[in-house]
Amino acid sequence: MIAQGEVWLVGAGPGDPDLLTRKAEKLICSASVVFYDALVGPGVLDMVPPATRLVSVGKRAGRHSKDQRTIDALLVEAALAGERVVRLKGGDPSIFGRSQEELAACRAVGVPVHICPGVTAASAAVASLGASLTLRGLARRVTFVTAHLRKGAPPDLDWKALADPQASIAVYMGKQAAAAVSSGLLGAGLAGDTPVAMVENASLPTERLFRTRLDLLPIAARTALGDGPALLLIGEAVRLGTVPSATQGSDAVTQEKPISLSRANCV
Ligand code: SAH
């Protein structure tokens, strides 16, 4: 499926191997080398055949990782050496995945490069909530935004443009910036009781779901979230979904049972 000297950027989905596309699975099985991110689920890595070289180029905030240029160079070098290269990226490669750099590096030296899409974290998170990102008449727009802190500085976002009561906002890399996200959106006019869902480790057995409101988000994120990747979903659309099942510690945050885990029975 992969020619020698070719590179595929493959979406590995949010973690659950069952959320991998069939195409991604075929590509993984036909690679001679797989470079993967820290957010690629362990169950997905288990699909890599034992004879295939598996190389971690993991990137997690605050932890040692290869820089982007090194990753670009590794992909190109492997392809030029005649390998069949899969670059596994968490979620969908086109969403906060630095795929443009990798595409450009390959194209610059004439290495053929292709993309296999994946299920992005926002889709997995809202599925676990049992909700929808869009709602007829209520949520007409979905915004995917990253609130990654650069050297600790608050995210430089256009809060006025984001604070649309008829939009759902999916905040990637927003855990550390939860307080800035809350004050930015409140300052730009979103209501304090705007519903917020926080989904950690979406689609994995360690998944945890929390509900809070925009004005309580800073304390909720600080007290409820752990080490795993987490997505913040903000907007009226996430008010719907499962009924809260248990309260956790404070009034600021409510924990829920994920919907997605019960789906494991339907083979
Ligand atoms: N390309 C990825 C996003 C990479 S940015 C995608 O399409 O999903 C990394 C951020 O994605 C994390 O900081 C977190 O906000 C989110 N994320 C990735 N996997 C996640 C998961 N399983 N659960 C919750 N959030 C996740």
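For ligands, and for the atoms within them, numbers begin at 1 and follow the listed sequence. Position 1 is the first residue of the sequence; numbering continues from there.
- Ranking protein heavy atoms by distance to atom 19 (N) of ligand 1, first place goes to A121 CB, 3.9 Å.
- Residue contacts with ligand 1: A230 is included, with a non-hydrogen atom under 4.0 Å away.
- Side-chain contact between Q255 and R208 is present, with at least one heavy-atom pair separated by less than 4.5 Å.
- What sits closest to atom 9 (C) of ligand 1 on the protein, heavy atoms only, is L39 CD1, 3.6 Å.
- Considering both main-chain and side-chain atoms, I95 comes within under 3.5 Å of ligand 1 through a nitrogen or oxygen pair.
- In this structure, the protein non-hydrogen atom closest to atom 22 (N) of ligand 1 is P14 O, 2.9 Å.
- Below 4.0 Å from some heavy atom of T120 lie the following atoms of ligand 1, by number and element: 6 (C), 7 (O), 8 (O).
- Looking only at heavy atoms of the protein, atom 16 (C) of ligand 1 is closest to Y172 CD2, 3.8 Å.
- An N or O contact shorter than 3.5 Å links G90 to ligand 1 by distance.
- Given atom 13 (O) of ligand 1, the protein heavy atom at minimum distance is M173 CG, 3.2 Å.
- Between K160 and D158, no side-chain nitrogen of the basic residue sits less than 4.0 Å from a carboxylate oxygen of the acidic one, so the salt-bridge criterion is not met.
- Side-chain atoms of E236 and Q166 form no donor-acceptor pair, as typed in the model, at a separation below 3.5 Å.
- Not a single heavy atom of G15 sits closer than 4.0 Å to an atom of ligand 1.
- With a 4.5 Å cut-off on side-chain heavy atoms, L186 and L214 count as touching.
- When only interatomic distances are considered, the shortest N/O to N/O separation between D92 and ligand 1 falls below 3.5 Å.
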